Amino acid sequence: MNTVATKVAVVGSGIAGSVCASSLAKNGVSVTLFESARGPGGRMSQRREVSEDGKELVFDHGAPFFTVNNAEVLGLVREWESRGLVAEWKQRLTKRYVGVPGMNAICKALCQEPGVERKFGVGVGRMEWLESENLWSLTGLDGQNLGQFQGVVASDKNIVSPRFTSVTGRPPPLAKLQDIPVIPCFALMLAFAEPLSAIPIKGFTMINSEVLSWAHCDSSKPGRSAASERWVLHSTMEYANSVIAQTGLQKLSEATLKKVAEEIFHEFQSTGLSISQPFFKKAHRCCSFWKRLVPGFQLRFWRGSAFPATSIAKEEKCLWEKNKRLAIAGDFCVSPNIEGAIVSGIAAASKLTEMLSCL
């Protein structure tokens, strides 16, 4: 890398953005990471809840774990293990990894590495390519000048969401579309005073259920509090779609979420196992519609964090606009999982590092 200060903006601190920011910083690039939320993680965020009696409860309500097949990703995971950020969740024959003490631990650590300046709670309202200066100019939602950058990595779907328009009254910073299917779902968070000893395994897939797709004991993961037994249940795509068909994509009412919670929990009980009543029960919607990217790299998404049902850059691993030094990274590029997002983040960092070294 040359001696001239090279600045890159990474928008979004999910695992794709966090891995990309860390990789760029290790290669001498000055990174500013913008995240509209209060902290990093994206779909790997933890959700903190408080029960009626004041108990604090923590759930990995999005991605419960991840698996690894890619050699480069495995190398990263080994490094994270050595730092105490990741541990193997030894429940089944397949190796499953989790962040410690929560899934968001990996993103937190990557965002804190030297060379990465973190700006949480800062939403990007405008991204403009300045042709005459060969630079990107970013502006915040509040109109504040966020700076100029030699390159940009976009990994936060919120900056390209129609909800962005409904909240700000202005178009998303990037926007063109073609439909890409996704897998929407609801997550149900449960806490029990006593262990569900009748369930012999801590994670399982439901077969032939129209409501419940997956269930796992969140508190059985390494590094989690054992003060209560906590489970996270994910609905099927069909069930989520049926609710969306009735309610639309607007924010759901408390009554609707309560009804969803009861229906998913009822399906959990229908397994025939002895399942007691939880002292905490809350549903969360993880649904969205992704849109296909077209030449020009403009995006539009619905709100939420559903799982993409297709991949749009399997070979390239990320979407890359060389002339403008713009990379778009995420699991929707490679495969709809954590490993896919990591691979995409690595690819985006590689593209920018190579390009910026020639400046």
Side-chain angles (χ1 to χ4, degrees), residues 1-35 40 42 44 66 68-80 83 85-86 106-107 109-118 127 129 134-136 138 149-157 159-160 174 293 295-297 299 308 311-359:
M1 190 67 61
N2 58 37
T3 57
V4 178
T6 305
K7 296 174 62 179
V8 167
V10 175
V11 185
S13 65
I15 190 63
S18 298
V19 166
C20 182
S22 171
S23 179
L24 286 168
K26 287 179 179 178
N27 281 282
V29 178
S30 176
V31 178
T32 303
L33 188 148
F34 297 99
E35 171 58 60
M44 294 175 72
F66 63 97
V68 178
N69 294 299
N70 179 282
E72 189 171 12
V73 175
L74 185 59
L76 275 179
V77 172
R78 293 283 181 258
E79 177 193 332
W80 297 338
R83 296 168 59 184
L85 303 174
V86 167
I106 305 167
C107 296
L110 296 177
C111 291
Q112 292 173 0
E113 291 187 349
V116 179
E117 181 184 6
R118 303 162 298 282
M127 296 166 57
W129 174 251
N134 206 27
L135 292 170
W136 282 95
L138 271 62
F149 303 88
Q150 277 92 346
V152 168
V153 178
S155 69
D156 180 2
K157 62 183 175 296
I159 68 162
V160 288
L174 304 167
L293 296 163
F297 302 107
L299 310 159
S311 304
I312 60 177
K314 285 187 176 181
E315 296 300 322
E316 300 86 353
K317 312 303 182 189
C318 69
L319 292 161
W320 173 239
E321 175 59 56
K322 181 178 179 180
N323 294 335
K324 295 183 178 179
R325 299 188 292 277
L326 169 66
I328 297 172
D331 55 3
F332 56 94
C333 289
V334 182
S335 56
N337 50 40
I338 298 302
E339 183 179 28
I342 295 172
V343 168
S344 188
I346 292 172
S350 177
K351 294 282 190 186
L352 273 165
T353 300
E354 181 182 358
M355 187 74 181
L356 293 170
S357 66
C358 299
L359 293 181

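Position 1 is the first residue of the sequence, and the numbers go up from there. Since the model is a prediction, treat every value here as computed from it, not as a measurement.
In terms of heavy atoms, V153 sits closest to A329 at CG1-CB, 4.5 Å. The shortest non-hydrogen separation linking V8 to F149 is C-CD2, 3.7 Å. When all heavy atoms of N323 and W129 are compared, the pair lying nearest together is O-CZ2, 3.7 Å. In this structure, F34 and A9 approach most closely via the heavy-atom pair CE1-CB, 3.9 Å. The shortest heavy-atom contact between V116 and A25 is CG2-CB, 3.7 Å.
N27 CG to E354 CD: the interatomic distance, rounded to the nearest 0.5 Å, is 11.5 Å. The distance from the CG atom of L110 to the CH2 atom of W80 is 5.5 Å, given to the nearest 0.5 Å. For the atom pair CG of L24 and OG1 of T353, the computed distance is 4.5 Å after rounding to the nearest 0.5 Å.
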Item to check | CA sep, side-chain torsions, deciding dist, call: L76, I346, side-chain contact (heavy atoms from CB on, under 4.5 Å) | outcome: CA-CA 10 Å; L76 275 179; I346 292 172; 3.8 Å; yes
Next on the checklist: Working note: L138 + V152, criterion side-chain contact (heavy atoms from CB on, under 4.5 Å); need CA distance, chi angles, decisive distance, verdict.
Outcome noted: CA-CA 10 Å; L138 271 62; V152 168; 4.0 Å; yes
Checklist entry - Does the side-chain contact (heavy atoms from CB on, under 4.5 Å) test come out yes or no for L356 and V29, once each step is laid out? => result CA-CA 9 Å; L356 293 170; V29 178; 4.3 Å; yes
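Between the R83 side chain and the I106 main chain, no donor and acceptor come within less than 3.5 Å of each other. Between the side chain of W136 and the main chain of K324, a donor-acceptor pair closer than 3.5 Å is present.
The stretch residues 20-33 participates, sequence neighbours left out, in these salt bridge (charged side-chain N to carboxylate O under 4.0 Å, His left out) pairs: K26-E79. Identified under the side chain to side chain donor-acceptor pair (under 3.5 Å) test for residues 339-350, with sequence neighbours left out: none.
The side chain to side chain donor-acceptor pair (under 3.5 Å) test applied to E72 returns no partner, not counting sequence neighbours. Residues forming a side chain to side chain contact (heavy atoms under 4.5 Å, CB included) with A347 (at least two apart in sequence, or on another chain): K317, C318.
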Scan the side chains in residues 10-23 for donor-acceptor partners under 3.5 Å anywhere in the protein, sequence neighbours excluded, and list what turns up.
residue	atom	partner	partner atom	Å
S13	OG	E35	OE1	2.8
S18	OG	S13	O	3.0
S18	OG	G14	O	2.9
S22	OG	E113	OE1	2.5

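Residues L135 and Q150 are in side-chain contact: their nearest non-hydrogen atoms beyond the backbone lie under 4.5 Å apart.
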